[in-house]
Every structure is written in C-alpha cells, then in structure tokens.
Protein chains: 4
Amino acid sequence: MAREGLDGVNTNTIARAARVGVGTFYQHFEDKFALHRAIVQRALEGLQNSLAQAHQEADDRPLPDQVRAGVVALVGFAQAQPDLFRTTFGRSAAAARLNSKGRTAGLGLSARPLERRLRALLEEGELDPAIEPGIAARAFMDMQVRCVVHWIEDPVHEDPDALIRTITRLHPALVGQPLGGDVGLG
Amino acid sequence: MAREGLDGVNTNTIARAARVGVGTFYQHFEDKFALHRAIVQRALEGLQNSLAQAHQEADDRPLPDQVRAGVVALVGFAQAQPDLFRTTFGRSAAAARLNSKGRTAGLGLSARPLERRLRALLEEGELDPAIEPGIAARAFMDMQVRCVVHWIEDPVHEDPDALIRTITRLHPALVGQPLGGDVGLG
Amino acid sequence: MAREGLDGVNTNTIARAARVGVGTFYQHFEDKFALHRAIVQRALEGLQNSLAQAHQEADDRPLPDQVRAGVVALVGFAQAQPDLFRTTFGRSAAAARLNSKGRTAGLGLSARPLERRLRALLEEGELDPAIEPGIAARAFMDMQVRCVVHWIEDPVHEDPDALIRTITRLHPALVGQPLGGDVGLG
Amino acid sequence: MAREGLDGVNTNTIARAARVGVGTFYQHFEDKFALHRAIVQRALEGLQNSLAQAHQEADDRPLPDQVRAGVVALVGFAQAQPDLFRTTFGRSAAAARLNSKGRTAGLGLSARPLERRLRALLEEGELDPAIEPGIAARAFMDMQVRCVVHWIEDPVHEDPDALIRTITRLHPALVGQPLGGDVGLG
DNA sequence: AATGAATGAGATTTCATTCAT
DNA sequence: TATGAATGAAATCTCATTCAT
C-alpha cells in the first residue's frame, strides 16, 4: 500500500492506481495528506535506522570514515528506493508541507544529533570556531539530501562515488583537514 | 505590481490585492505561473547583479574574502526583501515549479559560474581532489540559499554574523584551510 | 434496538451504536428509512394505545375531562420517552418523510377518530358550525404534538400544567365553553 | 432568481435550473443554505407585511374581524405563491433547518406580537385564564401555517372559506365566544 | 447469522480563465 | 484598456449499501 505516492495527484487517481475504490482509500487514511505523512514517516524511520546503524558500525574508526559511512548509507537508501526517496525529500514534499498546515513538525531528517556532535567537537577545539553548530548541522543534512535528490533525478545518473566523496568532503567536521587527504578513499 | 506573490493564493485575490480587476491581470500575464516566473526572474536578476558586483569588488582580495562577499550580498538581499526571497526560494517556489510543467529551466540561482571557478582551482591543485566541481557547486549554491531561507523564516531571527561565517566556512574552495583561520573576519 | 434514532446520522454510526456490524443492520432493515419507519410505528402504536385507554377511562366523564385526559396521556408519553417523541414528531421526522418517497401514508397520529367525534358533535349542534371537522381535527392533533415537541426541546422545560391546560382549552370541542370554566381543573 | 427553491436538491441542479453555471451560484450565495435562507427571509418579510397591513386595516373592527383578516391574508399569500409558501413552511423547511446549524433563530413567523396581544387580553379578563399566552400564541401561529400548508398540498384543494372559518374560530382570543356567533361571516 | 472492508455514485465547493460590456 | 460576472472542469470527501468470509 506504500505507493510511489507523488502528491500533486488527485485522490481518485491515487485510489485507482492502488487498485481500490476511492472510499477504500478514505477508510485507511483520513486525508490525502495523511497518506503522504504515512509514507514519509515510514521512509524516515527506515532511513534513521540505516544511519544509526552505519554510525554505530563505524564508531571506533576515524572521523572521516564515520562521516563517509553516513553518506554511503543515505545514497544506498536512495538507490534502493528512489521513488520513496523522491517523495520524501523531493519537490512534492515541499508542496505537501505547504498544505499540511501546522503538522509539519519533524517532517525531515533531524539535524539534532549532528548538531550535538559538532558542539562537542567545537568544545574540544576540533571544529573551526567560525562554524556555528546549529546552522552547520542543518546546512549539511539539507545539502546531503538535496544532492542525492538531484543525483537521482538526473537522467544521466552517474556512478555514486564522486557524489559520496564530494559530500563527505564538505562535512563541517572535516573542513579543516589538509587537502588531498585520504578522506574519500573508504 | 510585483506582489509579495505567494503562490497558494488564488488569482482573484492577487488581482484584488493589486487593486486591479481579474481581467486586467490576464492582460499582463498569460498565466498564474507567468506572474510567478516574472517575479522570480526579477528577483534572480537583481540577485545575480548583487553577486556579480560583490565578486567584482572583491576580485583582487584573497579567496576567503571573495567568498564572504558573495554570502554577505545574498544575506543582505534576503534581509532587504524577505518576502521576495521567500517567494523565490522558499517552499512555494518548489510547489510552483511542480505546476509550471517543463518551463522550469534556469529557475534558481545558476551554479555554473561557481562550477567553472572550482574547476579552475582544481586544475591549479588548490581544490581538494575529492571534490567534484559540478556537484559541489550545486551543493553550495543550494545550501547557501536554504540556510538563508531558514534564517528568514526563523521567528527568532538572530544576528546574521554567525550565519555568514558558517556558510562561508563551508564553501568548497575553502575546504582544507587550517582551523581558526581569519576566514570570517571580513 | 430502538435507538434514539435521529436521522441525519449515518448508518455506520447507527450500527456501531447498536453494537452490531453494519451488515447485521441490513439484515434487519431493508433500508435506513425502514429503521425510522419501524421506530415511528412502534412509537405511534404505543401512543395510540395510551390515548385510547385514556379516552376509554374518561368515557363517562364530561367532555372537558375527556379532552384533558388525552392531552395528559400525550404529555406523559413525551415525558417518559423524550428522544422517541422527538424522533417521531420532531424535525428529523419531517426530513425523513422527505426521503421515504411515497410510503409516507399514515406516518403520524391519525386525526380520523377526532374528526368523527367532531362531526357527531356538529350534528348534535354542540360544535360551533363555523368549524369544519376534518380541518379542525387535523389542526388540533398537529398543534397538540407541536406544542409538546416545543416543550420538550425547550431547555427551560417548565411544569407541564400550563401546557396541558392551554392545549386542552384550545380543543375545537371546547371552544364555545364560557370563560373561566373548570376545564383545566382535572 | 428567487427559485421555487426546494431543498433536498443538489447545487448542480439548482444552478442548472436557474440557467447558470455552478460557479455562478456560489458567487451569489455562500452556501446551499444561504439560498434557502434568502428565499425564506424574503417570503417572511412579504408575509409579515401582509399581516401587519391586514391587522392595521382591521384595527377598529371587532376582535373576530381582526383575527379573520389575519387568516385571510395568510391564505391569500399562500394562494398567490404556493411554491414559495411550501418552501418556507413545508417539510423541506424543517429539513433545511436541520442542516443550517445554529442560525435557525427567527426562521419562521414570529409569535411574539400575538403573545403580547393575548397577555393584554388576559389582564383585561377577556382571555380564558386557562390559556398561557406564550404557549397559545406559538400554538396558533404554527397551527395556522400547518393548516394552510396542508390545504395547499391537498390535491383536492377545496374552497378556502371553510379553512378560514375554522382557523379563525380556533383562535385563542375567541375561545369562549358563544357557539354559532357571526365569527366567520366576514 | 454476523461481520466490516470495499465500493463508487454523488454532493459540495474552488478557482483559473474567458469574454461581453 | 479595464473590468468582474460567469463558467465548469476538477478536486475532495461522504455514506448507503453490498458481499465474500
């Protein structure tokens, strides 16, 4: 029942596409938006899990590897379920957020964990003091996702290595690393 | 006639707000979306100008200053015309792009100049080889804009210094600079 | 199974409230309206019985007492089962009659017995010749019911004595009685 | 534009019947119910006027004549605009009132003037003390209207004289008049 | 007999757009 | 050129009823 779920599509079409009657649709979801929320929520939960697991597995490795692991997990998720990823983070998501008045809270990947991480690094003197953790955390989480969305939607769809390397290298915590390090080698 | 122009508003209301008849509106714009395009285009032109000028003025200064000048220009623009900025880059922009089927080309700040710049740096060995210019350019342009949108929409709306410092420090061309440099000092 | 049965309520709710499945409901009643008809019919039968009994018991008393007995019975019935009374005679009844195309016959308290009674009195010269028995009978039966409905729905819900006295005094057969008689004394 | 306005009819049909588009309908009336309210209001105003005029013209005549004048005016109105009368007071009116949640206030012929009148008579000792003015006023206004509705809807549609005579004779203020008076002679 | 998920016709309402004045 | 009443396709949602289990 988890459709490819593009919003900007009418309920009749959604129902027809799901091979059920319109009424059936409304028996499962209060709203057109409830469907979107459900899909997104599912996607986010899966994604948070992937990320958490990736971070845990890389826990005792050097920082660049940890960062890289997270990016790899994200790209992997997007590659495995491109439609779901697009729906969750792409344009229609923005449109949907416009309509689901008020309940937007927490719709999106939380930047809090990264913010905490950065704050810790900052106190240890390992983060550039020019960087404000709150802003940088949101900036990176958002950037990461947008890059992947773009990559997915790009018809050329090249190999993901450059993508992963680039995103990783732009992580706030790695900004001060010397040029040409082994950051992206994996 | 350049309204605060939020889409998700009906044409009659737009016309009423512009103190003209609905019919008059359709004599100036082919479409509801034509208005949006016009507004966005105007905004983008103004913005491109600001940025070009900023870059030109900082042309002979060190790289960090050049980057910073661009960010400052962007934030200044957003601060001066918050509604216009939101309309151009905020959520409703994404929604609008959904509807204006096909004609989306170039709706948004072009990442090409930055891409060229990065490519040049890369060839001179001054950019981390892990970074792919095309991806990084888009990533930064997007990130920049999103951070500012978030800042504008944030009711707390703190002082822009931390914002400018943080964004600047995340610029792809400054990756690799040692920690605690004078990047953000202006 | 005799619900508070207001129409303007959907079948699913009715079934849920009756602690049965929707399907079960349709095994007992052909229609949504069949339920209403059943409820009303039950109410009317009960009411007709009460009235008949009241009239019978007061058969050998003077006319005013007979009339009064009928009114008392009606008010008593309404007081004992207000919801049922409202459903049977209130607004939703009118609405229901709109929908149950054609089968409306006899939905309501019959005015025939009273009409016969009045006709008899007319022939005996004991009814004002200005009064047409058919019209007056319907008028009184209707008025009676409406007054009681109004009384029930009135949140103030005062004591029923004035109600009974007034309705009684307006009975077509008592219209010519001299002022200040003992009509309402019981 | 004042349609025959039966509710229990869908908006599309209403619009089609009025020879306009659906949208046009909603430009004139906020609601389906707004139309009904408008029609009813118009009808009530016209009716109140007729009644007021009738009463005024009969002001210096004996009480029975005054009463009769009012009834005649009502029946005349119903005869002149039967559809409007049905819509305003018939079943669909009750149904409509069900839906127009809350705003029902004053939808119907006011009983207040008659109540005041009766109260005055009561104090002068010219009204039977068994009669409570508030109840009797509402009872009569309602009865009057219901009788006329019934008469209109009756396919046989006999001459209105008996109707007028009967209703008049049942007026609370004439209760107590000796039988066979000249009440109904006009 | 009991159930309740599935159904889809139909009702209400919105809104971008046109066109006669 | 300006206007805004008129338009109707399209979207959302409800609910009486059916039918497979």
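Chain letters run A, B, ... following the sequence lines, proteins first and then strands; every chain starts at 1.
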Using heavy atoms to find the nearest nucleotide of DNA chain F for A:G23 and D:G21 separately, return the residue whose nucleotide is more 5′.
-> D:G21
Are any of D:T24's side-chain N or O atoms less than 4.0 Å away from OP1 or OP2 of F:dT7?
-> yes
With both distances under 3.5 Å as the test, what is the Watson-Crick or G-U wobble partner of E:dA1?
-> none
Could you tell me the separation between the CZ atom of D:R146 and the CE atom of C:M141, rounded to the nearest 0.5 Å?
-> 13.5 Å
Once you round it to whole Å, what is the distance between P of E:dA5 and CZ of C:R16?
-> 8 Å
Quickly work out the D:I14 CD1 to F:dG8 C1' distance and round it to whole Å.
-> 17 Å
Give a yes/no answer on whether the side chain of D:H28 brings an N or O atom under 4.0 Å of OP1 or OP2 in F:dA5.
-> no
C:L109 CG to C:Q144 CD distance, which is reported to the nearest 0.5 Å | 7.0 Å
For E:dT14, the nucleotide meeting Watson-Crick or G-U wobble distances (both under 3.5 Å) is F:dA9
Rounded to whole Å, the CZ-P distance (A:F25 to E:dA5) equals 17 Å
Whole angstrom value for the distance that separates P of F:dT18 from CZ of C:F29 | 16 Å
Starting at CG of A:N49, measure out to CG of A:L44 and round the result to the nearest 0.5 Å.
-> 11.0 Å
Among E:dT3, F:dT1, F:dC13, which is the nearest nucleotide to the side chain of C:Q27?
-> E:dT3
Roughly, in whole Å, what's the span from OH in D:Y26 to P in F:dA5?
-> 18 Å
Hey, what do you get for OG1 (D:T11) to NZ (D:K32), rounding to the nearest 0.5 Å?
-> 7.0 Å
Donor-acceptor pair, A:D31 side chain versus A:A34 backbone, under 3.5 Å?
-> no
According to a strict under-4.0 Å criterion, is A:T11 in side-chain N/O contact with OP1 or OP2 of F:dA11?
-> no
E:dA11 P sits how many Å from C:N10 CG, rounded?
-> 17 Å
With a 3.5 angstrom cut-off on both distances, give the Watson-Crick or G-U wobble partner of E:dA20, or none if there isn't one.
-> F:dT3
Using atom NE2 of B:H36 as one end and atom P of E:dA16 as the other, report the distance to the nearest whole Å.
-> 14 Å
Report the nucleotide, chosen from F:dC13, E:dT13, E:dG4, that has the shortest atom-to-atom distance to any side-chain atom of D:V22.
-> E:dT13
Could you give the CZ-to-C1' distance, from A:F33 to F:dA11, as a whole number of Å?
-> 11 Å
Selected nucleotide, minimal atom distance to B:N12 side chain, candidates F:dC13, F:dT17, E:dT17 | E:dT17
